[in-house]
Amino acid sequence: MDLIRNAIRDIPDFPKPGILFKDITPLLHKPELGPVIVNGFLERLGSHRPDAVLGIESRGFLFGYALAQALKVPFVPVRKSGKLPAKTIGIEYALEYGTARIEMHADALQPGMNVLVHDDLLATGGTAAAAAALAKQLGATISGFAFIVELEFLNGREPLLPFSKTIHSLVSY
Ligand code: AMP
């Protein structure tokens, strides 16, 4: 996983002063790293096979879809408010300042499905927890979470544990 770690660039004070942004765009420049990420997730999942992968806008689409393809299961996009065209369900959640709303299509999951929630990075966990809550609203079960990067010092696992104890990250800081 050093290949992944070395391809992630630190951008200080983005998008605001005091935030050290983990930029995955250099990683996208190296096509050979795509399979390293997908296979890293597959190894960690072991024999577990979710029924769908849920990816969070927008960087969660990149490897979420690739992972779903590798698993041969549906990919479900979770988007920011107002982007999805069909009937949606949505949830508001707290950010450091203010709130945000994410949505998914109301027919995207069926009750009883086991869903893996994916995003590029786990920070405070608010976004992934909100996505998990949305999937639960449709009767799905959260089988686990998968992130490329985890910022451990922000304790983002905490809000995810009520949904699933299975939390995978490829690279931690
Ligand atoms: P959170 O809800 O705090 O876990 O934030 C997760 C979302 O914000 C993910 O979609 C990340 O892509 C993005 N994010 C939060 N903090 C950072 C960071 N330091 N570097 C890059 N992306 C971040």
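Remember, it's a predicted structure, so these values are computed and weren't measured experimentally. Numbering of ligands and ligand atoms starts at 1, following listing order. Sequence positions, counted from 1, serve as the residue numbers for this chain.
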Hydrophobic cluster mates of Ile11, side-chain heavy atoms under 4.5 angstrom, ILVMFWY only, any path?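 Besides Ile11, the hydrophobic cluster comprises Phe14, Phe21, listed by chain and residue number.
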Kindly indicate whether the side chain of Val53, heavy atoms from C-beta on, has any atom under 4.5 Å from the side chain of Phe63.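 Sidechains of Phe63 and Val53: no contact.
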Can you confirm whether Thr99 sits close enough to Leu95 that some side-chain heavy atom of one is under 4.5 Å from a side-chain heavy atom of the other?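 No. Closest side-chain heavy atoms not under 4.5 Å.
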Do any N or O atoms from the side chain of Asp51 and from the backbone of Asn114 form a donor-acceptor pair under 3.5 angstrom?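 Such a contact is found between Asp51 side chain and Asn114 backbone.
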Using every non-hydrogen atom in the two residues, find where Arg101 and Tyr93 come nearest and quote the distance to one decimal.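 In terms of heavy atoms, the two residues are closest at N-CE2, 4.5 Å.
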Could you list, one pair per line, each nitrogen or oxygen of ligand 1 together with any protein nitrogen or oxygen closer than 3.5 Å, giving atom names and the distance rounded to 0.1 Å?
| residue | atom | partner | partner atom | Å |
| --- | --- | --- | --- | --- |
| ligand 1 | 2 (O) | Gly126 | N | 3.4 |
| ligand 1 | 2 (O) | Thr127 | N | 2.9 |
| ligand 1 | 2 (O) | Thr127 | OG1 | 2.5 |
| ligand 1 | 3 (O) | Thr124 | N | 2.8 |
| ligand 1 | 3 (O) | Thr124 | OG1 | 2.5 |
| ligand 1 | 4 (O) | Ala123 | N | 3.0 |
| ligand 1 | 4 (O) | Thr124 | N | 3.1 |
| ligand 1 | 4 (O) | Gly125 | N | 2.7 |
| ligand 1 | 10 (O) | Asp119 | OD2 | 2.7 |
| ligand 1 | 12 (O) | Arg59 | NH2 | 2.5 |
| ligand 1 | 12 (O) | Asp120 | OD1 | 2.8 |
| ligand 1 | 19 (N) | Leu20 | O | 3.0 |
| ligand 1 | 20 (N) | Lys22 | N | 2.9 |
| ligand 1 | 22 (N) | Arg59 | NH2 | 3.4 |

Counting only heavy atoms not in Lys136, do more than 12 sit closer than 6.0 Å to its NZ atom?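 Open: at most 12 neighbouring heavy atoms sit under 6.0 Å from NZ of Lys136.
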